[in-house]
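First up is the structure itself, then whatever we jot down about it.
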Amino acid sequence: MRFIAITAIVLTSTPFAVTAAATAAATGSWQPLPDIAPAPANNPISADQFELGKILCFDPRLSSSGNVSCFSCHNVMEGGDDHRPTSIGVHGHVGGRNAPTVWNAAFLSSQFWDGRAATLEDQAKGPPANAIEMGMPNLDAVIGRVRNIPGYKPYFEQAFGAGDVVTMDNVAKAIAAYERTLITPNSAYDRYAKGDAKALTEQQVRGLNTFADVGCTSCHQGPTFSGPPLPVGTGFFIKFPTFPDSPYVAKYDFLSDTGRASATKDDADKNVWRVPGLRNLVYTAPYFHNGLVHTIDESVRIMASTQLNQSLSDTQVADIVAFLETLSGPFPTQQMPRLPPTPGDLID
């Protein structure tokens, strides 16, 4: 496992606090979230692609039943997830994993809990043709549905030019472009990492130090606290649980899902997971891949036990939770999209 050392910061007086915060910002020990998400050269963010992608994300007609959209599991008017232990797809089918938030997913080097998608574009093609999620038989059927909604063509031409542009690749590009605007910089933590020593309270700084001291930063590091910066498609993975004898493992059934091995079919990947980010946790309960943990403080205790073989005091837990709450940033203002009209024969 790669490890990036994190400098502990103790605020004892205002002059020292300013110096410590400024030093941390200068050395990159604590990294703020960038104000703009990275985008690949072949899919730069444009206003027209953003608008098309937002419409597609809210459109339930991309599902077989006509009533499940990306928004169904990823409520961007709140935490970017659905608050169910595991998501419900078409015809009441129940999925096997908790819906990850789409907020700040643009900064991740791989997507899904098991990291099976390299990019947001790859991820966007997964749910529509998944039998449990949106239930279309294949991606050809998905784009066929979109082409049969005449009102979509002007949006695609505005975003991608004239010609045969109503394609599944462009659907994925548009959705990804929209998702790259779903970021929440300028949290209290971000302001602190940039040198504002007054952005965090004494308890929150104590929690930041405890978070580093007990070893949480061996995995949860970088601007999203999801691991070190890596090339796109190179996921940052960890064995979970590392200490399977922890009493929390049986209590919360953490071993029944084999994690990345379900995608790679490699026994070496059994119970290996992409390290999730920690931003906006106050908006994304319940927690973990199976959604069985309801609170942040219980999550902190679980991670200390299963990953670090430690039992934290109530004070340590409270301080870490206070720090984690500083990772919630302001959400950008969004306006609900108007979908193109539906032909009468579109959905049987």
Side-chain angles (χ1 to χ4, degrees), residues 33-63 66-78 80 100-109 111 117-129 133-134 136 138-186 232-233 329-343 346-347:
L33 196 72
D35 292 331
I36 299 174
N42 67 345
N43 192 28
I45 300 173
S46 72
D48 293 322
Q49 286 192 31
F50 159 84
E51 188 62 30
L52 173 58
K54 181 168 70 170
I55 292 170
L56 289 165
C57 276
F58 279 82
D59 197 336
R61 295 169 297 184
L62 273 64
S63 69
N67 59 12
V68 175
S69 68
C70 301
F71 178 79
S72 300
C73 296
H74 302 286
N75 181 356
V76 294
M77 294 299 158
E78 203 241 4
T101 179
V102 291
W103 288 105
N104 300 309
F107 294 104
L108 301 176
S109 60
Q111 306 293 326
T119 65
L120 289 175
E121 287 81 359
D122 293 337
Q123 186 277 331
K125 293 180 180 180
E133 296 179 50
M134 297 175 76
M136 295 294 275
N138 50 53
L139 294 179
D140 288 339
V142 177
I143 196 60
R145 177 74 63 82
V146 174
R147 287 171 178 160
N148 285 331
I149 302 173
Y152 260 122
K153 189 172 182 181
Y155 285 101
F156 276 85
E157 290 179 338
Q158 190 71 25
F160 296 105
D164 183 20
V165 292
V166 186
T167 66
M168 197 63 213
D169 282 345
N170 284 342
V171 165
K173 283 184 175 182
I175 291 174
Y178 169 60
E179 286 189 273
R180 290 189 175 101
T181 70
L182 301 178
I183 62 175
T184 58
N186 203 35
V232 173
F331 294 96
T333 300
Q334 293 196 83
Q335 182 175 353
M336 298 282 283
R338 175 66 58 185
L339 306 185
T342 305
L346 185 73
I347 300 172

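No hydrogens, no waters, no symmetry mates; every other heavy atom, side chains included, goes into these values.
Counting non-hydrogen atoms of other residues, nucleotides and ligands closer than 6.0 Å to CG of L346 gives a total above 12. Annotation: E51, atom CD; neighbour count of heavy atoms from other residues, nucleotides and ligands within 6.0 Å is above 12.
Between atom CD of residue Q49 and atom CG of residue N170 there is a gap of 7.5 Å, rounded to the nearest 0.5 Å. Note that CD1 of I149 is 12.0 Å distant from OH of Y155, once rounded to the nearest 0.5 Å. Rounded to the nearest 0.5 angstrom, L52 CG and Q158 CD are separated by 10.5 Å. With values rounded to the nearest 0.5 angstrom, C57 atom SG is found 9.0 Å from H74 atom NE2.
Considering all non-hydrogen atoms of both residues, A37 and R180 come closest at CB-O, 3.4 Å. When all heavy atoms of A124 and I175 are compared, the closest pair comes out as CB-CG2, 4.0 Å.
In this view, D35 and P185, K194 satisfy the side chain to side chain contact (heavy atoms under 4.5 Å, CB included) rule, not counting sequence neighbours.
The backbone N or O of V166 lies less than 3.5 Å from a partner atom in the side chain of R147, making a donor-acceptor pair. Listed for the E179 side chain is no donor-acceptor partner under 3.5 Å among the backbone atoms of A105.
Residue pairs meeting the ring-ring contact (aromatic ring centres under 6.0 Å, His included) criterion with at least one member in residues 41-60, sequence neighbours excluded: F50-Y178, F58-F71.
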